[in-house]
Engineer: 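Quick one: the structure is below, questions incoming.
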Amino acid sequence: MARFLILSRVAVTAAWLAAPGPAQALDCANAQSQQDMNQCAQADWEAADEELNGAYAQAITALKALDAELAKADRGAEDALRAAQRWWIDFRDNACLAESYAMFGGSAQPLLYSGCMARLTRARADDLWLIVDQYR
């Protein structure tokens, strides 16, 4: 089953990559074709992922500083966040794959997948910013 999920993700990603790029800048506020909507959703997810990476870097820095203040035997905040993030990525990827099955094999499946990825990624970034705010 895990192999199927990996192959399904690869197929969805390959479909996005195989799509020809726009000759001019894409107006995502007025995307008309399915291909344009898919590309805009992918770009939105990429922007959310950049935000997540910034929040994660700052949260790791904050928890590393916290660990440095604790006795060696009490440290573990940074490691806990790293483990949680790895688990969260697996959750997000599989949850979005499942959500995209509503349009399995169709031209809108990448739209559903990317939309879910952006939504869950932004929510996770918000959670990480809360961790950062706790240690400012």
Side-chain angles (χ1 to χ4, degrees):
M1 184 65 174
R3 184 180 175 109
F4 175 75
L5 291 176
I6 292 168
L7 292 175
S8 295
R9 279 189 233 147
V10 169
V12 169
T13 302
W16 287 323
L17 296 175
Q24 56 190 358
L26 188 57
D27 180 7
C28 289
N30 295 307
Q32 299 294 315
S33 71
Q34 187 64 58
Q35 181 179 349
D36 289 352
M37 288 184 271
N38 292 349
Q39 288 177 343
C40 290
Q42 173 75 20
D44 187 42
W45 168 31
E46 290 170 0
D49 195 50
E50 285 183 35
E51 179 184 344
L52 175 70
N53 290 334
Y56 178 73
Q58 288 194 39
I60 282 291
T61 298
L63 293 181
K64 185 181 275 191
L66 173 66
D67 277 345
E69 296 174 4
L70 298 173
K72 211 170 204 178
D74 295 332
R75 294 177 185 169
E78 178 187 0
D79 290 342
L81 180 57
R82 286 186 193 282
Q85 192 66 12
R86 282 192 291 274
W87 293 330
W88 177 83
I89 289 169
D90 285 342
F91 162 78
R92 178 202 59 191
D93 292 353
N94 285 296
C96 291
L97 181 61
E99 188 173 310
S100 76
Y101 265 76
M103 293 290 182
F104 183 75
S107 61
Q109 186 176 8
L111 177 68
L112 292 181
Y113 183 77
S114 292
C116 175
M117 294 289 281
R119 185 181 75 251
L120 294 183
T121 299
R122 282 198 174 88
R124 179 62 178 161
D126 289 345
D127 292 343
L128 293 172
W129 287 123
L130 289 174
I131 291 172
V132 172
D133 288 344
Q134 288 176 353
Y135 296 101
R136 284 190 182 172

Engineer: Only counting residues at least two apart or in another chain, list the ones meeting side chain to side chain contact (heavy atoms under 4.5 Å, CB included) with A95.
Structural biologist: F91, L120
Engineer: Kindly give the heavy-atom pair with the smallest separation between A41 and G115, and that separation in Å.
Structural biologist: CB-N, 4.4 Å
Engineer: Applying side chain to side chain donor-acceptor pair (under 3.5 Å), which residue pairs with at least one partner in residues 65-80 are found, sequence neighbours left out?
Structural biologist: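 The answer is E78-R82.
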Engineer: Got a second to check how far M37's CE is from S114's OG, nearest 0.5 Å?
Structural biologist: 13.0 Å
Engineer: Can you list the steps and then say if Q42 with N38 is a side-chain hydrogen bond (donor to acceptor under 3.5 Å, both in side chains)?
Structural biologist: CA-CA 6 Å; Q42 173 75 20; N38 292 349; over 6 Å; no
Engineer: Side chains of L97 and F104: closer than 4.5 Å at any heavy-atom pair?
Structural biologist: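 Not in contact.
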Engineer: Considering only residues two or more places apart or on different chains, which pairs with a residue in residues 104-124 satisfy salt bridge (charged side-chain N to carboxylate O under 4.0 Å, His left out)?
Structural biologist: D44-R122, E99-R119
Engineer: Between atom CD of E46 and atom CD of Q39, what is the distance when rounded to the nearest 0.5 Å?
Structural biologist: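 Going from CD on E46 over to CD on Q39, the span is 10.5 Å.
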Engineer: R86: what forms a salt bridge (charged side-chain N to carboxylate O under 4.0 Å, His left out) with it, not counting sequence neighbours?
Structural biologist: none
Engineer: Flag yes if M117 and I89 sit in one hydrophobic cluster, no otherwise; membership is Ile, Leu, Val, Met, Phe, Trp, Tyr, and two members link when side-chain heavy atoms are under 4.5 Å apart.
Structural biologist: no
Engineer: Can you give me every donor-acceptor pair (side chain of residues 50-65, partner residue at least two apart or in another chain, under 3.5 Å) with its distance?
Structural biologist:
from	atom 1	to	atom 2	distance (Å)
N53	ND2	D49	O	3.3
T61	OG1	A57	O	2.9

Engineer: Picking from T121, L128, D93, what satisfies side chain to side chain contact (heavy atoms under 4.5 Å, CB included) with W88?
Structural biologist: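 So, applying the side chain to side chain contact (heavy atoms under 4.5 Å, CB included) to W88 and each of T121, L128, D93, only T121 qualifies.
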Engineer: What pairs with Q134 under side chain to side chain donor-acceptor pair (under 3.5 Å), at least two apart in sequence or on another chain?
Structural biologist: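 Partners of Q134 by the side chain to side chain donor-acceptor pair (under 3.5 Å) criterion come out as none, since no residue qualifies.
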